[in-house]
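First up is the structure itself, then whatever we jot down about it.
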Amino acid sequence: MKRQIPLIIAFICGIGMIIQFFIPHPVSQKTYEEVLHWQIIVGIFMMIIAVRSLCVVHIDKIRRKKEGWGYSFITLFAIAFTAFVGIAFGMGEESLISDLYQYIMVPMQSTMFSLLAFYMASAAYRAFKARTAQATLLLVVALVVMFGRVPVGERLVPWLPRVIEWILMYPNMAAQRGILLGVGLGMIATSLKIILGIERGYLGGG
Amino acid sequence: MNIWEKMMDIDRRWIYLLVGICVLIPLIRPVGLPTFTTPYTQALFDYIDKIPPDGSAILISFDFDPATAPELLPMAQAILRHCFFKDINVLCLGLYPTYIGMIDMALSNVKDDYEAKSGEDFVFLPYVPGVTAVMLSIGEDIKRTFGRDYYGVPLDSLPMMRHIRNYDDIALVLSISGTQLPREWAVLVGTTYHVRVGVGTTAVSAAEFYTFLQTGQFVGMLGGLKGAAEYENLIHAKGYTKKDTRKVASMGMDAQSFVHMLMIVLIVIGNIAYFNIRKKKAR
């Protein structure tokens, strides 16, 4: 029963929502609105479970003194402190939580992301080589796009932006559309497998 | 070991130093190189420019966090400036908790220049979990989905919200993001509720969205820092900005130009070295 009930709920909800989509009746519309609100409420409980799960993992790491347990301590402290600041001092402009975001979170995330530029430059120098015909094609297109997407390139070769637009609008779009169609068909297949109970990974337990 | 082998064996810290110099110098001494305006930036600008004042609103979904802020925050700010100057009502939305802070930053940087007031010129919507459920729920009733604004004021009491109920009262949904969320906006919201969708995205993600531009599912697109700089130039040329407004994206474009040129030089040198070493080994 523990596995069958979720499968039945998934089947009824899946089929129900497909049928609802094709019925433009007020009752059907009202049902749809209610389901959306349920989904938001379920989302709130998911956050509670996520925080609990994070705490369990890190408390266990600290208890067992696993490698890097100090970082787990910082993580737990940061969760507790941020929650305390938000609840005790409130949200909004010029609030303490806003300062925490602006002066701690923003610089940290920006720094992490900015480091990519350094790694990419070093990696491109060492690994971006014209080893095969395909790699050469990729290399040439990458150089043309990089050069034409900045003002220096636009200034030196005025027709280059149009060439880049063509590359993005035709060869790139053809490839992207193929990928999108594949992803779309895959999503339909996976959804049907979940609704029909063939795909059961979401039930957990391996 | 010949010169090419030595070059391939160069300490990576020299490359880091070169990148650092190429970023810093143009930021300290901006060059101000002009940027070619792409048709999709122009299309988005024209669409927003034609929205009547105090009529339908624009919903800007700030779908980004501090990691991509250097590219996307100038974009959001340029669009906010355009809207506030033209008295277009703006709804600001963040679908994840870390995105909310970006709205706060963008509004703080822009609103005072135009004396824009919360509840009259813009509404800052709070975080509600659910992502796609929230996107679809707005199509039914915004007030029921959020209840209050970010500052805790009931949406019912805000003058701007008197004539805004759902997507029928929204002229454009603009997703500014480095993720797949603009695609969700186009497919789920644009198709279901027949609302026009625009996108502002990172340069890396821009290539993915051309297919939606060609089908007309996006009215326009701002691609990366270049798109933000183009938009800044467009609003500046029309006189929608204050005299002392810093063109943040345009300044960033100078740095990006120098780094791109450095990358091209590095790749070319790397390849010359590679072929020379290969030739030597073949002998």
Side-chain angles (χ1 to χ4, degrees), chain A residues 29 32-33 35-44 46-47 90-93 97-98 101-102 105-110 112-114 117-122 124-131 139 142-143 146-147 149-155 158 161 165 168-169 172-174 176-177 179-180, chain B residues 8 10 12 15-16 18-20 23 33-36 38-39 65-70 98 101 104-105 108 128-134 136-137 140-141 144-145 150-152 203 206-208 210-211 214 224 226 253-254 256-264 266-271 274-275:
Chain A
Q29 202 56 34
Y32 173 64
E33 275 181 46
V35 168
L36 287 177
H37 284 106
W38 287 7
Q39 213 176 321
I40 290 170
I41 294 162
V42 171
I44 296 165
M46 272 165 61
M47 287 191 77
M91 313 278 281
E93 252 181 293
I97 199 150
S98 178
Y101 184 84
Q102 203 165 337
M105 188 114 170
V106 172
M108 280 200 309
Q109 280 204 12
S110 301
M112 289 301 290
F113 206 71
S114 305
F118 296 90
Y119 295 138
M120 274 168 68
S122 172
Y125 178 63
R126 282 162 211 283
F128 207 1
K129 301 283 173 348
R131 285 193 175 89
L139 187 78
L143 289 178
M146 273 172 68
F147 187 61
R149 291 287 287 180
V150 290
V152 178
E154 291 170 2
R155 200 89 189 261
E165 280 306 306
L168 289 166
M169 207 59 204
N172 162 66
M173 196 172 69
Q176 292 290 347
R177 193 158 282 168
I179 295 167
L180 272 176
Chain B
M8 283 313 289
I10 191 173
R12 68 182 63 187
I15 297 172
Y16 296 165
L18 284 173
V19 174
V23 171
L33 291 164
T35 310
F36 162 85
T38 50
D65 57 19
T68 46
T98 49
D104 205 11
M105 282 178 76
S108 304
V128 169
V131 190
T132 50
V134 175
L136 294 170
S137 192
E140 307 308 318
D141 194 338
R144 220 185 138 202
T145 306
Y150 176 72
Y151 309 108
E208 294 171 38
Y210 274 82
T211 181
Q214 194 259 341
K226 178 174 155 57
M253 271 312 283
D254 288 341
Q256 203 178 63
S257 282
F258 278 72
V259 176
H260 272 214
M261 296 307 289
L262 174 72
M263 295 273 277
I264 290 168
L266 286 175
I267 292 168
V268 170
I269 293 172
N271 274 277
Y274 166 72
F275 282 110

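Labels below follow one simple rule: chain letters A, B, ... track the order of the sequence lines, proteins then strands, and each chain is numbered from 1.
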Residue part contacting chain A, namely of [X], when any heavy atom lies under 4.5 Å:
| X | answer |
| --- | --- |
| Val259(B) | neither |
| Ala69(B) | neither |
| Phe258(B) | neither |

Shortest non-hydrogen separation from [X] to [Y] and the atoms involved:
| X | Y | answer |
| --- | --- | --- |
| Phe118(A) | Gly20(B) | CE2-N, 3.7 Å |
| Tyr274(B) | Arg131(A) | OH-CG, 3.2 Å |
| Pro66(B) | Gln109(A) | CD-OE1, 3.3 Å |
| Glu154(A) | Phe36(B) | OE1-N, 2.7 Å |
| Pro129(B) | Ile40(A) | O-CG2, 3.5 Å |
| Lys129(A) | Gly270(B) | CE-O, 3.0 Å |

Short question: side chain of Arg177(A), backbone of Thr211(B) - any donor-acceptor pair under 3.5 Å?
->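 Yes.
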
For the pair Glu140(B) (side chain) and Glu33(A) (backbone), establish whether a donor and an acceptor sit closer than 3.5 Å, ignoring hydrogens and angles.
->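 Flag not set: sc Glu140(B) to bb Glu33(A) has no pair under 3.5 Å.
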
Could you tell me which portion of [X] (side chain, backbone, both or neither) has an atom closer than 4.5 angstrom to a non-hydrogen atom of chain B?
| X | value |
| --- | --- |
| Phe147(A) | both |
| Met146(A) | both |
| Tyr32(A) | side chain |
| Leu180(A) | side chain |
| Arg155(A) | side chain |
| Gln176(A) | side chain |

Taking Met108(A), Met46(A), Gln39(A) one by one, which has the highest count of heavy-atom pairs under 4.5 Å against chain B?
->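 Going by pairs under 4.5 Å, I would pick Gln39(A).
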
Which of the residues Ala142(A), Gly43(A), Ala121(A) is involved in the greatest number of heavy-atom pairs with chain B at under 4.5 angstrom?
->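 The option with the most such pairs is Ala121(A).
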
Top contributor to chain A contacts, counting heavy-atom pairs under 4.5 Å, from [options]:
| options | answer |
| --- | --- |
| Thr98(B), Thr38(B), Val268(B) | Thr98(B) |
| Asp141(B), Thr35(B), Ile264(B) | Ile264(B) |
| Pro39(B), Pro70(B), Ser257(B) | Ser257(B) |

Please examine the side chains of Arg126(A) and Ile15(B), heavy atoms only from C-beta on, and report whether any two atoms are closer than 4.5 Å.
->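 A side-chain contact under 4.5 Å exists here.
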
Side-chain contact test, heavy atoms from C-beta onward, threshold under 4.5 Å: evaluate it for Met105(B) versus Val106(A) and give yes or no.
->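 Side-chain contact under 4.5 Å: yes.
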
Evaluate the side-chain contact (heavy atoms from CB on, under 4.5 Å) criterion for residues Val19(B) and Met120(A): first the C-alpha distance (whole Å), next the side-chain angles of each, then the deciding distance (0.1 Å), finally the verdict.
-> CA-CA 10 Å; Val19(B) 174; Met120(A) 274 168 68; over 6 Å; no

Looking at Met253(B), His260(B), Lys226(B), which one forms a side-chain contact (heavy atoms from CB on, under 4.5 Å) with Pro151(A)?
->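 Single pass found, and it is Met253(B).
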
Between CD1 on residue Ile10(B) and OG on residue Ser122(A), distance to nearest 0.5 Å |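 One gets 9.5 Å once the value is rounded to the nearest 0.5 Å.
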
Gap separating the CG atom of Leu139(A) from the CG atom of Asn271(B), nearest 0.5 angstrom |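 Rounded to the nearest 0.5 Å, the CG-CG separation comes out at 5.0 Å.
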
Asp104(B) and Tyr101(A): CA distance, side-chain angles, deciding distance, side-chain contact (heavy atoms from CB on, under 4.5 Å) verdict | CA-CA 10 Å; Asp104(B) 205 11; Tyr101(A) 184 84; over 6 Å; no

Please assess Gln256(B) against Arg149(A) for the test side-chain contact (heavy atoms from CB on, under 4.5 Å), listing each intermediate value before the final yes or no.
-> CA-CA 10 Å; Gln256(B) 203 178 63; Arg149(A) 291 287 287 180; over 6 Å; no

